[in-house]
Amino acid sequence: MSKKPRTAITPTREENFPEWYQQVIKSADLAENSPVRGCMTVKPYGWALWENMINIFDPWLKEYGVQNCSFPLLIPVEYLSKEAEHVEGFAKECAVVTHHRLEADPDGNGLRPAPDAKLEEPFVVRPTSETIIGEAMSRWIQSYRDLPLQLNQWASVLRWEMRTRMFLRTSEFFWHEGHNAFEDHEGATKDCLHILGLYEKFFTEVLAVDGYKGVKTEDERFPGANETYAFEMMMQDGKALQAATTHDLGTNFAKTFDIKYQSKDGGEELCHTTSWAFSTRMIGGLIMMHGDDDGMIMPPRIAPQQVVVLPVIKDDGTAGQINEYCDKLVAQLKEKGIKAKVDGRDMRTPDKMWDAIKKGIPLRVEVGGREMEAGEVTCVRRDIGRDSKQTLPLEKFLVEAQGLLDAIHDDMLANSRKFRDEHTTDVSSVADIQHFFSGDGLGFVKAPVDILKDESLEAVMKEHGLSTRNMPFEDEGRTVLIAKAY
RNA sequence: CGGAGUGUAGCGCAGCCUGGUAGCGCAACUGCUUUGGGAGCAGUGGGUCGCGGGUUCAAAUCCUGCCACUCCGACCA
């Protein structure tokens, strides 16, 4: 037994943040690296988290008028090449499908693509779907009556990334991609801002994280977009994470894919299109924003499991009664719409506790002979830890459980905002930026937007691996956020 | 694609220089004592040593060809 409190995750965040991140994922059983280069296997607990995100966010899109659909995984290479900036942005990271049949290798080394099965027209595995959806839009839209057309798909895409990290940057990743078409610029802009607002609502009200909404600088724009809006967050190690983006594609894709409509007065007009997304990367964001040295901390409203009930069994013949008490408790919590489960596994109680801690289950409830006798439960908040341990009457707990979960959410969100604010430093010159990042400065610096015209900025950005994150709405374009980023 | 490195039990590694019965830690399994913030003891199971060729009485070890992956650079939701 060591004297100082041992952390569940080794190393700690301070000792080695990237390694800590990997260990949290492993300890929480969220995902693992797969045998496929750069691709992860999302394990049941991690997928449950993603499913919850889908289940909560998807109805919001439908409410707004977006319809779900599914487009092919494979995109003709020719499509990608049509939009000049778009190709340039994605061509370097595309996996290409060139054959449609395998055959035994004559040299005896398993299988090889059959030379006579070479495709006339190769495909790329979609890195994003603007092009193939654009092609469909050109046929689906004829009249102003067909607008707006609002489409979304939940899908995975593939980008052949050089350096990968689970959730944050994997070759294959899961996301939703929305693609909307409007009559004019105003419609497209409103759409971008509306979706960005939905993202903000989702992040703050469900994931308990906050950041900065804003406009991307020109060099950080999506390839093929006229304007990119982004939600930027600050991680605990001082690096920023782009959590979601919406793109005003102007008429760029409309021109290349011939997306036109007849207006009321009979004229032929180009559509204004948008695209927008958030991805499983957000799970990485949750880990790096909320996690501590004991592992994951699940925001209650997205947690696959909100309450774990641990029966504390002693060898005194009361096991059956305690289990019954726990089952009843879980049933009552479920009636209140709380995701609760008894951990009835054949394991030692302390091991179950640590397991629940590492998985980040928001509320842990312990029930032993003492509680059962007294008609009580003991509960502990994951975000605070043992200091929050309290024993209260069962009835009272049932009434207060939802409130406890909400309180955890509120505190986590407040912490996230506090962290963001404490890691945003106002600067006024390139020298300030140099000074900030040369010292132990961590986080965003916020500079007057004119600084982008300063020629000495580029060298400083390069030296410290910085990029512009966005020009936050709150300052109406007068400032720009700069940080290291994932 | 440049530079470096690694492939040996589920995971992490030692053994290789100097060929000679395949080893350690963790995990798993069994038993007993335990169980309210990471238990102890005893025992058990598990590996064609990345793949192919060569040298040798004998290859994880030496030679050779191939493959895969990791890290560092340019790219990135």
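Throughout, protein chains are lettered first and strands after them, A, B, ... in sequence-line order, and every chain is numbered starting at 1.
- Across all strands shown, A:Lys352 has no heavy atoms under 4.0 Å from either base or sugar-phosphate atoms.
- Searching all strands for a Watson-Crick or G-U wobble partner of B:G36 with both distances below 3.5 Å returns nothing.
- Counting heavy atoms from C-beta on, the side chains of A:His179 and A:Val66 never come closer than 4.5 Å.
- Nucleotides B:C13 and B:C66 place their P atoms 27 Å apart, quoted to the nearest Å.
- For A:Glu463, the CD atom counts as densely surrounded, since its 6.0 Å shell holds more than 12 non-hydrogen atoms of other residues, nucleotides or ligands.
- Stacking of the aromatic ring of A:Phe173 onto the base of B:A77 is found: the ring centres lie under 5.5 Å apart and the planes are inclined by under 30°.
- A:Tyr199 and A:Phe57 have parallel rings, their planes meeting at less than 30° on a 0 to 90° scale where 60° marks the start of perpendicular.
- Contact annotation for A:Trp175: no contact, since no heavy-atom pair falls under 4.0 Å across all strands.
- Nucleic acid contact for A:Arg364: base, since at least one base atom lies under 4.0 Å from a heavy atom of the residue.
- Residue A:Thr378 is classed as a base contact, given a heavy-atom separation below 4.0 Å to a base.
- A 3.5 Å limit on both hydrogen-bonding distances identifies no Watson-Crick or G-U partner for B:U56.
- Per the geometry, CG belonging to A:Asp351 stands 13 Å off C1' belonging to B:A27, to the nearest Å.
- B:U21 and B:U48 are spaced 16 Å apart, taking the C1' atom of each and rounding to whole Å.
- Comparing B:C67 with B:A77, their P atoms are spaced 32 Å from each other, to the whole Å.
- Going from the C1' atom of B:G45 to that of B:U30 covers 10 Å, rounded to whole Å.
- As rounded to the nearest Å, B:U70 and B:C26 have P atoms that lie 29 Å from one another.
- Ion pair A:Arg345/A:Asp355 flagged as a salt bridge, since at least one NZ, NE, NH1 or NH2 atom sits closer than 4.0 Å to an Asp/Glu carboxylate oxygen.
- Within 4.0 Å (heavy atoms only), A:Arg37 reaches sugar-phosphate atoms of the nucleic acid but no base atom.
- A:Asp316 comes within contact range of no nucleotide atom at all, as no heavy-atom separation falls under 4.0 Å.
- Residue contacts shown for A:Ser279 include a base, since a base heavy atom lies under 4.0 Å away.
- Rounded to the nearest Å, the gap between the P atom of B:G15 and that of B:C24 is 15 Å.
- Rounded to whole Å, the separation between the C1' atoms of B:G3 and B:A74 comes to 13 Å.
- For A:Val380, the listed nucleotide lying nearest its side chain is B:G37; candidates were B:C11, B:G37, B:U34.
- Remark: B:U70 base-pairs with B:A4; criterion is Watson-Crick or G-U wobble with both hydrogen-bond distances under 3.5 Å.
- For B:C29, the paired base is B:G43 (Watson-Crick or G-U wobble, both distances below 3.5 Å).
- No hydrogens or angles were tested; on distance alone, nothing pairs the side chain of A:Glu366 with the base of B:G37 as donor and acceptor under 3.5 Å.
- More than 12 heavy atoms of other residues, nucleotides or ligands lie within 6.0 Å of CD in A:Gln390, so this atom counts as buried by the packing criterion.
- Where A:Gly38 and A:Gly89 meet RNA chain B, the nucleotide closest to each residue was compared, and A:Gly38 sits on the side nearer the 5' end.
- For B:G23, the paired nucleotide is B:C13, the pair qualifying as Watson-Crick or G-U wobble because both relevant distances are below 3.5 Å.
- Place A:Thr170 and A:Met162 on RNA chain B by their nearest nucleotides, and A:Met162 ends up nearer the 5' end.
- Heavy-atom contacts from other residues, nucleotides or ligands closer than 6.0 Å to CG of A:Asp316 number more than 12.
- The partner of B:C49 cannot be assigned: no Watson-Crick or G-U wobble pair with both contacts below 3.5 Å exists in any strand.
- B:A42 and B:G38: their P atoms are spaced 22 Å apart (whole Å).
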